[in-house]
Amino acid sequence: MAESITITDNRNGQSLEIPLENGGVSASDFSKLLPGVWFYDPGLTATAACESAVTFLDGDAGILRYRGYPIEQLAEDSTFLEVAYLLLNGELPTTTEYEVWEQEVTLHTFIHENVRKRFLEGFHYDAHPMGMLVSAVAALSTFYLDAKDIFDPESRDKQIIRLIAKMPTLAAAAHRFSVGMPFVYPDNSLPFTSNFLSMMWKIAEPRFEADPVLARALDVLFILHADHEQNCSTTAMRVVGSSHADPYSCCAAACAALYGPRHGGANEAVIRMLTEIGSLDNVPSFVEAVKQGHGRLQGFGHRVYKSYDPRAKIIKRTADEVFSITGKNPLLDIALKLEEIALKDEYFISRRLYPNVDFYSGLIYQAMGFPLEMFPVLFAIPRTAGWLAHWQELLDQDTKIARPRQLYIGPEPRDYVPIDQRRS
Ligand SMILES: CC(C)(COP(=O)(O)OP(=O)(O)OC[C@H]1O[C@@H](n2cnc3c(N)ncnc32)[C@H](O)[C@@H]1OP(=O)(O)O)[C@@H](O)C(=O)NCCC(=O)NCCS
């Protein structure tokens, strides 16, 4: 069977054979036969907007790989910093490469004092930490003017290291400010995740020692969230990056996309849903209500995964490890019951709705003491590695500026009417 399709323009009978490559067709091939005709695809659900070698995702089979490595193996054996290196460089580092990378990131964890004093402390006392993060990341571009040299490899590498290194510092600073606690400087004798936990929780002790089980659990969560191919925030990163804006401005746009409840806010919605359900007895009636069209089962279903989200499997085990230290999150039993009922129910089976990564991540973050407002911020820290990997790839591919078409549905041409002659 030929790996091609033939389209015919019925207006003039002309036909064109277009090759099928990787299950898709090139829009520019279509355009040869149909100049001026475009594809209507809101949400870009059927459009590949780029070529990418970063992440492979097969939603039907429940497969996720970074640079070819299965997410299960990375979550088991790797660290977030190593995964960040892999995403950005395409290969796992050698020992020497890893040591240099870790050292570089560690040496760039401090933020300019004015970022803290002028920006972060300038926010209203109850500012949302994600709003603070979006703005602070954008503000960084005003501190590093060399960031505009996006085609200078040395400058590019430097901004990437700065962003990976400073995100935890900004994230923790945003939290501390929003709860009225003093800023904690990075402790560069600590590994990446423990350093972040120190900046989050340190009070008066000379040195904050994170529980190693919790530090490792957070590292695993960071690995799971480091990239997810062309999601909304990565697309924002690529779209803004295509205008050749500096990486801080691009990352701020990506953070803003992540702020929305349809993207970075889903695990918060899970916690709110479980809290609303309140007890095991209420689970069956809640599921029935969802089936009758009253709301959705938060943390279930995915635009791409139509089988069990591979990250959700890993996270379940991480949850057990965290709860062995923190005590069980009281909402866990409700979550498990919900999952058990839904996975046996025809409504969810026929629609291929399975738990996604957000179903359990919120329970873990909550058990570790993170407030709900910090959930999208916790997502942004590791996803910065993915965003930057895509940004680099985009610049190396020298792609066109993103500029989609539209279907105009507004009024036909009409003449301006002076205000005193308009109908009231
Ligand atoms: C993630 C999500 C937006 C994907 O949506 P989508 O692929 O566009 O799927 P659709 O919205 O077209 O839904 C398809 C069908 O499944 C149903 N459905 C999808 N997710 C559902 C959920 N979480 N609970 C109940 N029903 C759901 C829809 O009602 C629809 O049913 P219908 O065919 O009878 O109308 C959606 O599953 C959802 O809202 N999930 C809850 C929020 C969430 O967990 N988001 C985090 C994603 S990582």
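Order of appearance sets the numbers: ligands from 1, and atoms from 1 within every ligand.
Atoms of ligand 1 lying under 4.0 Å from any heavy atom of Lys306, numbered from 1 in the order shown and given with element: 7 (O). Near Gly299, meaning under 4.0 Å from any of its heavy atoms, are these atoms of ligand 1: 43 (C), 44 (O). Listed by number with element, the atoms of ligand 1 under 4.0 angstrom from any heavy atom of Ala266 are 45 (N), 46 (C). Near Tyr347, the atoms of ligand 1 lying under 4.0 angstrom from a non-hydrogen atom of the residue are 17 (C), 25 (C), 26 (N), 29 (O).
Applying the ring-ring contact (aromatic ring centres under 6.0 Å, His included) test to every pair with at least one member in residues 238-257, sequence neighbours left out, gives these pairs: Tyr144-Tyr248, Phe151-His244.
The parts of Leu297 lying near ligand 1 are both backbone and side chain, judged by heavy-atom distances below 4.0 Å. Under 4.0 Å from ligand 1, the heavy atoms of Val290 that appear belong solely to its side chain. Residue contacts with ligand 1, taken as heavy atom pairs separated by less than 4.0 Å, do not involve Val270 at all.
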For ring-ring contact (aromatic ring centres under 6.0 Å, His included), just list the numbers for Phe80 and Phe192, CA-CA rounded to whole Å, side-chain angles, deciding distance to a tenth of an Å, and then say yes or no.
CA-CA 8 Å; Phe80 167 68; Phe192 188 83; 5.3 Å; yes
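In this structure, atom 12 (O) of ligand 1 has its sub-4.0 angstrom surroundings free of protein heavy atoms. Taking a distance limit of 4.0 Å, we find that atom 29 (O) of ligand 1 is approached by some protein heavy atom.
The minimum heavy-atom distance linking Pro355 with Ala312 is given by the pair O-CB, 3.8 Å. The heavy-atom pair separating Ile164 from Pro168 by the smallest distance is O-CD, 3.4 Å. Taking both residues in full, the closest heavy atoms of Cys255 and Met167 are given as SG-CE, 4.0 Å, listed atom of the first, atom of the second, then distance. Nearest heavy atom pair, residue Glu393 against residue Glu51, reads OE1-O, 3.7 Å. Closest approach of Asp146 to Ser155, counting heavy atoms only: O-OG, 2.8 Å.
At a 3.5 angstrom cut-off on N or O pairs, Arg351 counts as close to ligand 1. In terms of N/O distances under 3.5 Å, ligand 1 is not approached by Arg262. On a distance-only criterion, Asp358 and ligand 1 share no N/O pair closer than 3.5 Å.
Distances from atom 36 (C) of ligand 1 to the heavy atoms of Arg296, His294, Arg352 put Arg296 nearest. Of the candidates Tyr354, Tyr305, Phe300, Phe300 brings a heavy atom nearest to atom 41 (C) of ligand 1.
Geometric assessment of Arg351 against the ring of Tyr347 yields a positive cation-pi assignment under the 6.0 Å and 45° thresholds.
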Could you list the donor-acceptor pairs under 3.5 angstrom formed by side chains in residues 264-273, with sequence neighbours left out?
residue, atom, partner, partner atom, Å
Asn267, ND2, Ser361, OG, 3.1
Glu268, OE2, Arg272, NE, 3.2
Glu268, OE2, Arg272, NH2, 2.5

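Taking the charged nitrogens against the carboxylate oxygens, Arg67 and Glu91 have no contact shorter than 4.0 Å, which rules out a salt bridge. At a threshold of 4.0 Å, the pair Lys202-Asp187 does not count as salt-bridged, since none of the basic side-chain nitrogens sits closer than that to a carboxylate oxygen.
Atom 6 (P) of ligand 1 has its closest protein heavy atom at Arg303 NE, 3.9 Å. Here the heavy atom of the protein found nearest to atom 47 (C) of ligand 1 is Asn356 ND2, 3.7 Å. Nearest protein neighbour of atom 42 (C) of ligand 1, counting heavy atoms only, is Gln298 OE1, 3.4 Å. Given atom 18 (N) of ligand 1, the protein heavy atom at minimum distance is Leu353 CD1, 3.6 Å.
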